[in-house]
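Single-structure report; data block below.
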Amino acid sequence: MVIIGAGVAGLTLATFLRRSGVSCIVLERRDRATIEVRQRAGVVEARGVQMFERWGLADKLLAGPVAHTIDYRINGVGRIFGVVADGGSQSRFCTQQMLVNNLLRELVDVMSGDVRFNVADVMIRNDLNGRPAVTYSDARGEHELACGYIVGCDGNRGVSRASIPDGVLTSYTHEFGYAWLAALVEAPVVGHPIMGVSDRGFVAQLPRGPKMSRYYLQCALNDGLADWPDQRIWDEIRLRLREQTIENAAVHDKDVVPLRCVVHVPMQYRNLFLAGDAAHLASPTGAKGMNLALYDVDVLAQALVRAVRDRDETGLTNYSDTVLPHIWKYQEFSVWMTDTMHDAGDPTQHGTFRQMIARARLDNLFESSTAARLHTELQRGLN
Ligand code: FAS
């Protein structure tokens, strides 16, 4: 088995397989230090926590406080949405960076998993009658790996999906028409994480460990980093949160992320299986990108273990059909969150009618226990 990509999807899959006694090789183009410092998602949803508990790895891999409240703020007026607790596993503010570091330690350092960093020229051979193989090069030369199965965990711009011939996949895309300026800052969340709107647009502050947080500011699609000097970021944060007491802090990392959702169907071709961002993108408003990657590899790991151990490929044959209903359900949640949290803000974006509809949706969360329970289930990934 060859897994392409040592991001959260590839490392989680390899760890599950190794734990099940199934050997695999992970090929990663970056070095270990680079993927250890990469900051991205910030929440492992309750479904993911349950998954790691079921695999007996939660204590080793997960850290960070429970994620159970959000301050939904409109023009500076906050309302705290509390996840309806039912005694089960709770979502965790476990950053993707922390999870990836813990996976590397468990897979490579503890279980001696085979992760090959700094590879290049990865090519996939996935012919109809031939044995699948992956070729690649590294400092020691050219290599060829014959294998039973190949899993593409190489993200949105990897080689796996690109290796599938034209006409096999259909890509379903939804563009929101705006972007986020994402800024990793040296300032912790004080109180509750914030998802806010104002007449100036969307703003969020989400924790990224005990001392850091990431702010997200809605911006124009064609904005670049040059349009967002640090001072403008902090001025906009204070204006959109209507909190003049917020002080500037060091900005460690900035990125302009266009908001879009994409699903590539089917998520497999012959002996190649796609998981995570290689197969779909979810707009980050719903905090589902990483969690859908974890869902994919949970299903795929069980199917691959059955195929290797029991010679039963049923799970693999049905992989795409099994995971797609869940992917679409959380694409819907990501679209609902994105539309609601952006339409409710700047009326020039989509007009006052959609602004009032979006604000009514938010009111429902606080006035209807049924709406609150569904929102809780979707936030926790348990619907
Ligand atoms: P990844 O992109 O994480 O990993 C793919 C790996 O494959 C990388 O290590 C790459 O180096 C490697 N690779 C690529 N091509 C290769 C090749 N040819 N050969 C070998 N290796 C190759 N999601 C959330 O849920 N919440 C958030 O708050 C959130 N914030 C985000 C903020 C930003 C700025 C970005 C970019 C994304 C954010 N996401 C968020 C989404 C993100 O977390 C993804 O869903 C998640 O990284 C998906 O994991 P993977 O599928 O493993 O892909």
Side-chain angles (χ1 to χ4, degrees), residues 2-14 25-45 47-48 67 91 93-97 99-100 103-104 115-124 134-138 150-163 179-184 193 195 204-208 213-216 225 253-262 264 267 273-297 300 327 330 333-334 337-338 379 381:
V2 175
I3 298 170
I4 302 172
V8 66
L11 291 173
T12 301
L13 176 59
I25 294 172
V26 182
L27 299 178
E28 168 56 50
R29 67 179 172 183
R30 306 274 190 232
D31 60 27
R32 178 168 177 169
T34 301
I35 59 174
E36 280 177 338
V37 296
R38 194 166 47 196
Q39 266 279 10
R40 283 196 175 158
V43 178
V44 175
E45 65 185 12
R47 199 208 57 78
S91 303
F93 280 122
C94 174
T95 65
Q96 181 168 335
Q97 180 190 11
L99 178 55
V100 163
L103 282 163
L104 282 168
V115 180
R116 300 178 189 181
F117 299 100
N118 295 312
V119 305
D121 313 316
V122 172
M123 301 276 285
I124 291 171
V134 176
T135 58
Y136 71 96
S137 64
D138 65 10
I150 305 165
V151 185
C153 295
D154 47 350
N156 183 38
R157 288 187 285 272
V159 295
S160 302
R161 194 177 67 242
S163 76
W180 275 3
L181 182 280
L184 187 68
M195 293 275 265
Q205 185 195 15
L206 300 169
R208 288 295 184 267
S213 61
R214 197 195 290 277
Y215 275 101
Y216 293 108
L225 291 181
D253 173 38
K254 283 190 268 193
D255 202 355
V256 175
V257 183
L259 268 63
R260 56 201 289 252
C261 290
V262 186
H264 304 285
M267 291 171 48
F273 302 88
L274 302 176
D277 278 16
H280 40 69
L281 292 176
S283 83
T285 325
K288 291 301 178 188
M290 173 173 72
N291 289 295
L292 291 178
L294 293 174
Y295 172 78
D296 291 345
V297 295
L300 201 46
I327 301 302
Y330 286 91
F333 177 70
S334 302
M337 282 294 288
T338 306
Q379 274 188 336

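Both counts, for ligands and for their atoms, begin at 1 and track the order of listing.
Close approach of ligand 1 to Cys153 is summarised as follows: ligand atoms under 4.0 Å from at least one heavy atom of the residue are 5 (C), 6 (C), 7 (O). Residue-ligand proximity, Lys288 to ligand 1, at heavy-atom distances under 4.0 Å covers atoms 25 (O). Close contacts between ligand 1 and Gly289 involve ligand atoms 23 (N), 24 (C), 25 (O), 45 (O) [criterion: under 4.0 Å to a heavy atom]. Which parts of ligand 1 touch Tyr216 is read off a 4.0 Å heavy-atom cut-off, strictly below it: atoms 28 (O), 30 (N). Interface of Met290 with ligand 1, defined as ligand atoms under 4.0 Å from a residue heavy atom, comprises 23 (N), 24 (C), 25 (O), 45 (O). Within the listing of ligand 1, atoms 11 (O) sit less than 4.0 angstrom from a heavy atom of Arg30.
The shortest N or O to N or O distance between Val159 and ligand 1 is not under 3.5 Å. Looking at ligand 1, you won't find any N or O of Gly276 less than 3.5 Å from one of its N or O atoms. Ligand 1 has no nitrogen or oxygen under 3.5 angstrom from a nitrogen or oxygen of Ile4. Inclusion of Asp277 in the set of residues having an N or O under 3.5 Å from an N or O of ligand 1 is warranted. In terms of N/O distances under 3.5 Å, ligand 1 is approached by Glu28. Of the N or O atoms in Gln96, one or more lie within a sub-3.5 Å distance of an N or O in ligand 1. Between Asp255 and ligand 1, no pair of N/O atoms sits closer than 3.5 Å. At a 3.5 angstrom cut-off on N or O pairs, Ile35 does not count as close to ligand 1. Taking distance alone, with nitrogen or oxygen atoms compared against 3.5 Å, Arg208 approaches ligand 1 more closely than that limit.
Distances from atom 39 (N) of ligand 1 to the protein include no heavy-atom value under 4.0 Å.
Using a 4.5 Å heavy-atom threshold, the side chains of Val44 and Met290 count as touching. Using a 4.5 Å heavy-atom cutoff, the side chains of Val122 and Asp154 are not in contact. Proximity of Asp296 to Met267: side-chain heavy atoms (C-beta onward) are separated by under 4.5 Å at one or more points. You'll find the side chain of Phe333 reaches within 4.5 Å of the side chain of Gln379, heavy atoms only.
Scanning the protein for heavy atoms near atom 27 (C) of ligand 1, the closest one is Ala41 CA, 3.4 Å. Gly7 CA, 3.5 Å is the protein heavy atom nearest to atom 4 (O) of ligand 1. For atom 14 (C) of ligand 1, the closest heavy atom belonging to the protein is Asp154 O, 3.3 Å. For atom 49 (O) of ligand 1, the nearest protein heavy atom (residue, atom name, distance) is Val8 CG1, 3.3 Å. Protein heavy atom in closest approach to atom 20 (C) of ligand 1: Arg29 N, 3.3 Å. Closest protein heavy atom to atom 19 (N) of ligand 1: Val122 CG2, 3.7 Å.
Checked options Val26, Val151, Val134; the residue passing with Val2 is Val134 (criterion: side chain to side chain contact (heavy atoms under 4.5 Å, CB included)).
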(message) Go through it in stages, so that I can follow the logic: the residues are Val100 and Arg38, the test is side-chain contact (heavy atoms from CB on, under 4.5 Å), and I'd like the CA-CA distance, side-chain angles, deciding distance and then a yes or no.
(response) CA-CA 9 Å; Val100 163; Arg38 194 166 47 196; 6.0 Å; no
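Put simply, the side chain of Asp121 never gets that close to the backbone of Ser137: no donor and acceptor are under 3.5 Å apart. For Arg116 (side chain) and Asp138 (main-chain N/O), no donor-acceptor pair under 3.5 Å exists by modelled atom type.
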